[in-house]
Engineer: 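One structure coming up, written as structure tokens, with questions to follow.
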Amino acid sequence: QVQLVESGGGLVQAGGSLTLSCAASGFTFSSLHMGWFRQAPGKEREFVAGISRNGDSIYSRDPVKGRFTISRDNAKNTVYLQMNSLKPDDTALYYCAADRSVIISRNPSAYDYWGQGTQVTVSS
């Protein structure tokens with residue numbers, strides 16, 4: 001049974017930092033691309049960052065580039081999202097997802113497995 005469990009969300013002031021974690025189980029973690037997405041109330045789910053099975057990372061073209069860093073630890077079956085210089089616009093439910101495709105994608109429809117999400121709220 002595939003499971004993706006996010007943690008690390010919370011309430012933080014603007015300019016602060018958070019690190020999200022996503023623990024995976026039920027599949028060969030090192031064989032799949034992993035991604036982070038977010039969805040704010042009334043908005044569509046949007047790509048934040050992805051990391052390939054080989055460790056190559058991609059980010060949304062804006063506005064997180066330079067502030068967020070994705071990483072993975074295949075020994076721990078965990079993917080991380082380090083978020084710095086947080087802004088109120090970063091407030092959203094953050095999801096972890098896994099992709100079996102050949103090429104890593106920014107498109108949420110390419111991802112096969114999803115977690116339940118962890119809430120990030122940034123106060124001004």
Side-chain angles (χ1 to χ4, degrees):
Q1 181 182 358
V2 172
Q3 280 195 315
L4 296 172
V5 180
E6 302 95 335
S7 61
L11 174 63
V12 64
Q13 289 189 332
S17 298
L18 283 175
T19 299
L20 305 184
S21 300
C22 172
S25 61
F27 62 93
T28 305
F29 179 77
S30 61
S31 297
L32 271 68
H33 308 308
M34 300 298 297
W36 285 97
F37 293 78
R38 68 185 183 185
Q39 188 166 18
K43 296 188 177 181
E44 293 186 351
R45 190 170 298 189
E46 66 173 350
F47 175 80
V48 176
I51 187 164
S52 73
R53 58 175 69 91
N54 296 323
D56 298 321
S57 57
I58 58 173
Y59 295 91
S60 65
R61 294 176 176 86
D62 56 39
V64 306
K65 192 172 183 180
R67 299 189 296 123
F68 292 7
T69 302
I70 189 170
S71 61
R72 66 189 298 162
D73 186 336
N74 289 341
K76 295 183 178 180
N77 288 356
T78 301
V79 61
Y80 305 95
L81 185 68
Q82 173 69 42
M83 305 186 295
N84 299 324
S85 302
L86 283 162
K87 306 174 181 179
D89 284 349
D90 294 319
T91 295
L93 188 60
Y94 282 71
Y95 296 91
C96 168
D99 176 10
R100 298 178 298 177
S101 304
V102 173
I103 300 174
I104 191 171
S105 173
R106 292 182 171 88
N107 189 338
S109 64
Y111 287 73
D112 302 285
Y113 308 115
W114 291 84
Q116 295 298 307
T118 185
Q119 178 67 39
V120 172
T121 303
V122 184
S123 63
S124 57

Engineer: To the nearest 0.5 angstrom, please state how far the OG atom of Ser124 sits from the NZ atom of Lys87.
Structural biologist: 14.0 Å

Engineer: Taking it one step at a time, do Val120 and Arg38 satisfy side-chain contact (heavy atoms from CB on, under 4.5 Å)?
Structural biologist: CA-CA 9 Å; Val120 172; Arg38 68 185 183 185; over 6 Å; no

Engineer: If you compare all heavy atoms of Asp99 against all heavy atoms of Ile103, which two are closest, and at what distance to 0.1 Å?
Structural biologist: OD2-O, 4.0 Å

Engineer: What is the distance from atom OG of Ser30 to atom CG of Asp73, rounded to the nearest 0.5 Å?
Structural biologist: 11.5 Å

Engineer: What residues join Phe47 in its hydrophobic cluster, counting side-chain heavy atom gaps under 4.5 Å, either direct or through other members?
Structural biologist: Phe37, Ile58, Leu93, Tyr95, Ile104, Tyr111, Trp114

Engineer: Using 0.5 Å steps for rounding, measure from the SG atom of Cys22 to the CZ atom of Phe29.
Structural biologist: 7.0 Å

Engineer: Please check this pair: side chain of His33 against backbone of Ser101, looking for a donor-acceptor N/O pair closer than 3.5 Å.
Structural biologist: yes

Engineer: With rounding to the nearest 0.5 angstrom, report the OG1 to CG distance, Thr121 to Leu86.
Structural biologist: 10.5 Å

Engineer: Which atom pair, heavy atoms only, marks the closest approach of Val79 to Cys96?
Structural biologist: CG1-SG, 3.8 Å

Engineer: Find the distance between CZ (Phe27) and CD (Gln3) and round it off to the nearest 0.5 Å.
Structural biologist: 10.5 Å

Engineer: Do Asn84 and Ser17 have side-chain heavy atoms sitting under 4.5 Å apart?
Structural biologist: yes

Engineer: List the atom of Val12, the atom of Gly16, and the distance in Å for their closest heavy-atom pair.
Structural biologist: CG2-CA, 3.9 Å

Engineer: Can you name the side-chain hydrogen bond (donor to acceptor under 3.5 Å, both in side chains) partners of Ser123, sequence neighbours left out?
Structural biologist: none

Engineer: Find out if a path of hydrophobic residues (ILVMFWY) with successive side-chain heavy-atom gaps under 4.5 Å connects Tyr80 to Leu20.
Structural biologist: no

Engineer: Where the side chain of Gln82 meets the backbone of Thr69, is there a donor-acceptor pair that is under 3.5 Å apart?
Structural biologist: no

Engineer: Indicate whether any N or O donor in one side chain lies under 3.5 Å from an N or O acceptor in the other, for Ser109 and Asn107.
Structural biologist: yes

Engineer: So which of Leu4, Leu81, Thr78 actually passes side-chain contact (heavy atoms from CB on, under 4.5 Å) with Met34?
Structural biologist: Leu4

Engineer: To the nearest 0.5 Å, how far apart are CG in Leu11 and CD in Gln119?
Structural biologist: 10.0 Å

Engineer: Given the rule in the side-chain contact (heavy atoms from CB on, under 4.5 Å) test, do Asp90 and Arg67 qualify, once you have shown the distances and angles that lead to the verdict?
Structural biologist: CA-CA 11 Å; Asp90 294 319; Arg67 299 189 296 123; 2.7 Å; yes

Engineer: Could I get the full list of salt bridge (Lys or Arg N to Asp or Glu O under 4.0 Å) partners for Asp112, not counting sequence neighbours?
Structural biologist: Arg100

Engineer: Any link between Trp36 and Val2 through a network of hydrophobic side chains (Ile, Leu, Val, Met, Phe, Trp, Tyr) touching at under 4.5 Å?
Structural biologist: yes

Engineer: List the atom of Ile51, the atom of Arg72, and the distance in Å for their closest heavy-atom pair.
Structural biologist: O-NH1, 3.5 Å

Engineer: Donor-acceptor pair, distance only, cut-off 3.5 Å: does the side chain of Glu6 make one with the backbone of Gln116?
Structural biologist: yes

